[in-house]
Amino acid sequence: MDHAIRIKRLRFRAWHRGTREADLMIGGYFDAHHERWSPAELDWFEALLEEQDVDIMGWAIGSIPCPPHWDGPMMQGMRALDFVQKPG
């Protein structure tokens with residue numbers, strides 16, 4: 001898949017999660033960091049989007065334990081997110 005198309009697809013999926021809170025957390029994280037991600041980090045994020053929003057948000061805010069295969073530098077980055085620019 002072309003890189004530009006992949007980024008557009010990931011941005012759409014990150015910002016259309018089903019709840020406004022998940023949109024802001026996951027979409028905001030994507031917007032804040034995706035330009036610096038390697039192909040492997042894009043793969044990680046794309047796979048993460050297959051998980052349930054409640055799980056992703058719980059792992060990111062620490063209300064539920066994060067499975068070891070998701071817990072790493074990318075999840076730590078999501079945990080460190082403290083401000084999201086609301087689009088539009």
Side-chain angles (χ1 to χ4, degrees):
M1 176 183 314
D2 176 82
H3 181 74
I5 293 171
R6 183 180 190 197
I7 294 299
K8 287 179 184 179
R9 181 174 176 256
L10 287 173
R11 177 175 284 119
F12 181 87
R13 291 183 63 208
W15 277 104
H16 294 87
R17 301 302 300 172
T19 66
R20 190 65 179 151
E21 294 84 359
D23 292 350
L24 289 168
M25 177 181 280
I26 299 166
Y29 178 65
F30 177 82
D31 283 354
H33 299 286
H34 81 275
E35 291 177 351
R36 295 183 298 276
W37 289 345
S38 69
E41 290 168 325
L42 286 170
D43 291 344
W44 180 93
F45 187 78
E46 190 168 29
L48 181 72
L49 294 179
E50 297 300 322
E51 299 292 332
Q52 296 294 315
D53 294 346
V54 67
D55 292 331
I56 296 170
M57 292 177 68
W59 301 333
I61 64 173
S63 63
I64 58 174
C66 185
H69 65 278
W70 292 120
D71 202 8
M74 295 283 286
M75 185 59 68
Q76 290 170 5
M78 190 176 282
R79 288 183 187 126
L81 189 65
D82 64 354
F83 176 78
V84 173
Q85 181 70 38
K86 186 177 172 185

**OP:** May I ask whether Met57 and Ile61 are part of the same hydrophobic cluster, defined by side-chain heavy atoms of I, L, V, M, F, W, Y residues being less than 4.5 angstrom apart, directly or through others?
**Re:** yes

Original post:
Are Tyr29 and Ile64 linked, directly or through other ILVMFWY residues, by side chains that come within less than 4.5 angstrom of each other?
Top reply: yes

Original post:
Is the count of non-hydrogen atoms from other residues, nucleotides or ligands lying under 6.0 Å from Gln52 atom CD greater than 12?
Top reply: no

**OP:** Would you check if there is a donor-acceptor pair between the side chains of His3 and Arg6 at a distance under 3.5 Å?
**Re:** no

Subject >> Residue list, salt bridge (charged side-chain N to carboxylate O under 4.0 Å, His left out) with Asp55, at least two apart or on another chain >> reply: none

Subject >> salt bridge (charged side-chain N to carboxylate O under 4.0 Å, His left out) partners of Glu50, counting only residues at least two apart >> reply: Arg13

Subject >> Any donor-acceptor N/O pair, Arg17 side chain to Leu49 backbone, under 3.5 Å >> reply: yes

Only pairs under 3.5 Å count here: list side-chain donor-acceptor contacts from residues 68-81, not counting sequence neighbours, and write none if there are none.
unit_1, atom_1, unit_2, atom_2, d
Asp71, OD1, Arg79, NH1, 2.8
Asp71, OD1, Arg79, NH2, 3.1
Arg79, NE, Trp59, O, 3.2

Subject >> Listed partners of Ser38 passing side-chain contact (heavy atoms from CB on, under 4.5 Å), at least two apart >> reply: Ala40, Glu41

**OP:** Could you pull out all residues at least two apart from His34 that satisfy side-chain contact (heavy atoms from CB on, under 4.5 Å)?
**Re:** Ile7, Arg11, Phe30, Trp37

Subject >> Ile26 and Leu48: CA distance, side-chain angles, deciding distance, side chain to side chain contact (heavy atoms under 4.5 Å, CB included) verdict >> reply: CA-CA 10 Å; Ile26 299 166; Leu48 181 72; 5.9 Å; no

